[in-house]
S.K.: 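Below is the structure I would like to discuss, written out as C-alpha cells.
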Amino acid sequence: MPEIVTRFAPSPTGYLHIGGARTALFNWLFARSNAGKFLLRIEDTDRERSTPEAVAAILEGLAWLGIPWDEGPYFQTERMELYRKEAERLLAEGKAYRCVCTPEELEVRREAARAKGDKPHYDRRCRDLPPGEADGKPSVVRFLAPLSGTTAVRDLLRGDVTYKNEELDDLVLLRTDGLPTYNFVVVVDDATMGITHVLRGDDHLNNTPRQILLYEALGYPVPRIGHFPLIHGMEGGKLSKRQDDVSVMAYRDRGFLPEAMINYLVRLGWGHGDQEIFSLDELQEIFRLENVGKSPSRFDPEKLLHLNAHYIKTGDPKRLSVLLVPFLARRRIEAEASPWLAKVVRTFQERSKTLEEMAESAEYYFRPKEPDPKTSEKFLTPEMAPLFDEIVREIEALPEFDPEATETILNRVTRKMGAKLGKIAQPVRVALTGGTVSPGIFEVMDVLGRDEVIRRLTVAAGRIRERSAG
RNA sequence: GUCCCCAUCGUCUAGUCUGGCCAAGGACACCGCCCUUUCACGGCGGCGACCGGGGUUCAAAUCCCCGUGGGGACGCCA
C-alpha cells in the first residue's frame, strides 16, 4: 500500500485561527493514524498580504498545539520557476491562453452579469484572440476549460458531487505580474509533492472541479480529496474576527492549555461514541475519517473553557507551575517554578478554569491583601481579636506545622466557643487572604507557612483593636 | 441571482451507510438537591432534539422525493 501523505497549506496572512488549526489537526491525525506523512506548505503567492510574522505565528501555533510536521515548511515563493514552467507547458500544448482583459473590465462585466441574475463568470472572450495579439500587452494566462460535459468530485466525506463544466471558469493561472494563483499552484504542488489525500475546509469544494480539470490537463493523477464542514461562530456563519475569538494563540495567552484546545477542536465535527476526553496519543490511534461529520459546527468557547478546567484539574502541578509563571509576572509577581509554587497550583487546580484565573486568585499568597471595609466589618469583629491571639499562640507552640495540626487547633477553639467551624474559619480566611473565597483554610495556611500565618493573624488582630479603640 | 453543501436537545455530538436493540444516549450550559469551613470539585436528579410534508415498508431519526431553513462558492485572495 502506498504511503499516505497529507498536508496543511495555510496562507500567511494572519495568525493561526481555530478553523485552520482543526484542518491541520485532522490532516495530521489522518496521516498518523495511517502511518503516513504530514507536511506543511506555506501558500505565500499573494505577496501583498503574506508576511514573515504570519509565517512565524502559524509555526508557533502548530508547535504550541503539539502538531509536528514531517516535511517542510515549503514556501511557494521558492518554487516560482516550477509554476512558470508548468504554465508554459499548458500554453504550448494549447491548454491555456493569454488574456488581455483588465481587472477593471472584468469587474464591470461581472457586475453586469450579476445585475442580470447570471453567474458572474469570465466570458472567455480572449480565447479567440488572433495569434500574436497578446504580445507586448499586459496579459494573464488563463486555463482553457472544457465548455461541455461534467466533472465529478469523488469526495471522501461527501460522496460524488458533479458539476457541469459550463458552470466552471477559465481561471487565471498566471497574473499580469507573472505570479501564479492559488488554484494553479495548489494543483502543481499537491501533485509534485506527492500528496495522496487533500483534506481541507468545505469552502474549497467549489474549487475542486476546476482543480481536477487542471490535474488532468497537466497529466497528473488526481489525489483523494475530502472536505470538512466549516466551523461557524456562535451566531452561525463564518467565524468572524469581531464576533468570535478565533486566534489559537490568544487562548494560550489567556491561560488555556494546548491539550484542551486539541480536545475541543477534535470534537468539532468528529466523534467517538460517548467519549469526551482524548489525548493526542490516543487520537493518533483512533482517528478515522469516516467519523467526521458533514454538517458545520459552532465554536462554543464555554465548552472549551470546561475542557480547560478539566485539564487544569488533572494536570501535573509541576508542569502547571512552570506555565503559571508568566501569568504571575503579568500581575507583577515575580515567581519561579518551585515545589512551593507547585503547592500553590495544587490548591487551585479544582477551582481555576484557566491559568490566568489561577494567577489572579493566587495573588494573596504573594502579598497580603486588604479586605474591603464591608468584609472587614462583617468578619473581623472585636471578639475575633482574642481568638486570633489564641490561635497564634497555639501555632507558635506547634511542634509540627501542618494541615492536621492547624485543623486541630481551629476545631479546639471553635468547640470552646460552642460554635461551628465556619464561624471561625471565615474570619481566619479573611485575615489570611483578604477575602471570603479561597481554597481550604488549612491548605492556605500550609502554603503560607507558619511565620506568615502568624504575621497575618497578628496584623489582623491589631487592626481590629485599632478600629474598636478609634 | 446562479451553482454547491448541510439538516438529532440552546451548543458539541452518538445513533443514519448495514431500517426494528431509540417512547433517541453522552457532554457543555442552565435549574434543583446532596457533600461542605468559603468558593470550587464531586455525586444525584431535572429541563431539553430526530425541520415540515409526502412516499417505500409489517416497521423510518435511519431509505426516496418535494418543500423549508442554514451555510459556502462565484477574484489577476487563498
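Labels below follow one simple rule: chain letters A, B, ... track the order of the sequence lines, proteins then strands, and each chain is numbered from 1.
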S.K.: Determine the interatomic distance between C1' on B:G48 and the same-named atom on B:G32; round to the nearest Å.
M.R.: 16 Å
S.K.: With rounding to the closest Å, how many angstrom separate the C1' atoms on B:U8 and B:G26?
M.R.: 13 Å
S.K.: Using atom NZ of A:K238 as one end and atom C1' of B:A73 as the other, report the distance to the nearest whole Å.
M.R.: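 Rounding to the nearest Å, NZ of A:K238 and C1' of B:A73 are 9 Å apart.
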S.K.: Once you round it to whole Å, what is the distance between P of B:C4 and CG of A:L205?
M.R.: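 So the two atoms are 10 Å apart, to the nearest Å.
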S.K.: Rounded to whole angstrom, note down the C1' distance from B:A29 over to B:C4.
M.R.: 34 Å
S.K.: Any donor-acceptor pair under 3.5 Å joining the side chain of A:R351 to the base of B:C41?
M.R.: no
S.K.: For A:V172, report the nucleic acid contact type (base, sugar-phosphate, nothing); a contact means any heavy atom under 4.0 Å.
M.R.: sugar-phosphate
S.K.: If I take atom OH in residue A:Y163 and atom P in nucleotide B:G72, what distance separates them, rounded to the nearest angstrom?
M.R.: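 Checked: the OH to P distance equals 15 Å.
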S.K.: Check this for me: does the side-chain of A:D202 come within 3.5 Å of the base of B:G72 through a donor and an acceptor?
M.R.: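 Per atom types, no contact qualifies.
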S.K.: Using atom P of each nucleotide, how far apart are B:C41 and B:A24 to the nearest Å?
M.R.: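 Looking at atom P only, B:C41 and B:A24 are 29 Å apart.
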S.K.: Is any side-chain N or O of A:T436 closer than 4.0 Å to OP1 or OP2 of B:C39?
M.R.: no
S.K.: With a 4.0 Å cut-off on heavy atoms, is A:H272 in touch with a base, just the backbone sugar-phosphate, or nothing at all?
M.R.: nothing
S.K.: Would you indicate, yes or no, if B:U11 has its OP1 or OP2 atom less than 4.0 angstrom from a side-chain nitrogen or oxygen of A:K303?
M.R.: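 Looking at the OP1 and OP2 atoms of B:U11, neither is under 4.0 Å from any side-chain N or O of A:K303.
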S.K.: Tell whether A:R298 reaches the base of B:U11 with its side chain through a donor-acceptor pair below 3.5 angstrom.
M.R.: no
S.K.: If you look at every strand shown and take non-hydrogen atoms under 4.0 Å, does A:D169 touch a base, only sugar-phosphate, or nothing?
M.R.: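 The answer is nothing, as A:D169 stays clear of every strand by at least 4.0 Å.
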S.K.: Do the ring planes of A:F26 and A:F287 sit parallel (below 30°), tilted (30 to 60°) or perpendicular (above 60°)?
M.R.: tilted
S.K.: For B:G72, take OP1 and OP2 only and decide whether either is under 4.0 Å from a side-chain N or O of A:K294.
M.R.: no
S.K.: May I ask you to say what A:C99 touches in the nucleic acid, namely base, sugar-phosphate or nothing, with a heavy-atom cut-off under 4.0 Å?
M.R.: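 A:C99: no heavy atom of the nucleic acid under 4.0 Å.
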S.K.: Quick one: A:I277 CD1 to B:C28 C1', roughly how many Å, whole number?
M.R.: 11 Å
S.K.: Between B:A73 and B:A14, how many Å separate the two P atoms, rounded to a whole number?
M.R.: 24 Å
S.K.: Just to be sure I understand the rule, does A:P103 reach a base, reach only the sugar-phosphate, or reach nothing, if contact means heavy atoms closer than 4.0 Å?
M.R.: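 If one applies the 4.0 Å heavy-atom cut-off, A:P103 turns out to touch a base.
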S.K.: Determine the interatomic distance between P on B:A7 and the same-named atom on B:C64; round to the nearest Å.
M.R.: 12 Å
S.K.: Hey, which sits more toward the 5' end of RNA chain B by its nearest nucleotide, A:F442 or A:G237?
M.R.: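 Whichever sits nearer the 5' end wins; that is A:F442.
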S.K.: Going by side-chain contact (heavy atoms from CB on, under 4.5 Å), A:F256 matches just one of A:N308, A:I312, A:L355. Which one?
M.R.: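 Result: among A:N308, A:I312, A:L355, A:N308 is the only option passing the side-chain contact (heavy atoms from CB on, under 4.5 Å) with A:F256.
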S.K.: Under 4.0 Å between a side-chain N/O of A:K313 and OP1 or OP2 of B:G42, yes or no?
M.R.: yes
S.K.: Which class fits the ring pair A:H204 and A:Y182: parallel under 30°, tilted 30 to 60°, perpendicular over 60°?
M.R.: tilted
S.K.: Mind running salt bridge (charged side-chain N to carboxylate O under 4.0 Å, His left out) on A:R49 and A:D46 for me, showing each step along the way?
M.R.: CA-CA 6 Å; A:R49 298 198 292 169; A:D46 185 347; 3.0 Å; yes
S.K.: How many Å lie between NE2 on A:H227 and P on B:C4, as a whole number?
M.R.: 15 Å
S.K.: Classify A:T176 by what it touches in the nucleic acid, base, sugar-phosphate, or nothing, heavy-atom distance under 4.0 Å.
M.R.: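 It contacts base atoms.
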S.K.: Tell me: CZ of A:F278 to P of B:A27, nearest whole Å?
M.R.: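 Answer to the nearest Å: 13 Å.
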S.K.: Side-chain contact, heavy-atom cut-off 4.5 Å: A:F228 with A:D202?
M.R.: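 Contact flag for A:F228/A:D202 side chains = no.
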S.K.: What is the distance from CD of A:E276 to P of B:A29, rounded to the nearest Å?
M.R.: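 Whole-Å distance recorded here is 11 Å.
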S.K.: Just to confirm, is there a sub-4.0 Å distance from OP1 or OP2 of B:U13 to any side-chain nitrogen or oxygen of A:S297?
M.R.: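 So the side-chain polar atoms of A:S297 do come within 4.0 Å of the phosphate oxygens OP1 or OP2 of B:U13, strictly under.
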S.K.: Closest-nucleotide mapping onto RNA chain B: is A:P439 or A:G293 further toward the 5' terminus? I mean the 5' end.
M.R.: A:G293
S.K.: Taking OP1 and OP2 of B:G75, is either one under 4.0 Å from a side-chain nitrogen or oxygen of A:R110?
M.R.: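 So the side chain of A:R110 is within the cut-off, an N or O lying under 4.0 Å from OP1 or OP2 of B:G75.
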S.K.: Hey, are A:R429 and A:Q426 close enough side-chain-wise for a donor-acceptor pair under 3.5 Å?
M.R.: yes
S.K.: Does some side-chain heavy atom of A:L65 sit less than 4.5 Å from a side-chain heavy atom of A:L16?
M.R.: yes
S.K.: Rounding to a whole Å, what distance do you find between A:F348:CZ and B:C39:P?
M.R.: 15 Å
S.K.: Under 4.0 Å, counting only non-hydrogen atoms across every strand here, what does A:R429 touch: a base, just sugar-phosphate, or nothing?
M.R.: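 Here A:R429 touches the bases of the nucleic acid.
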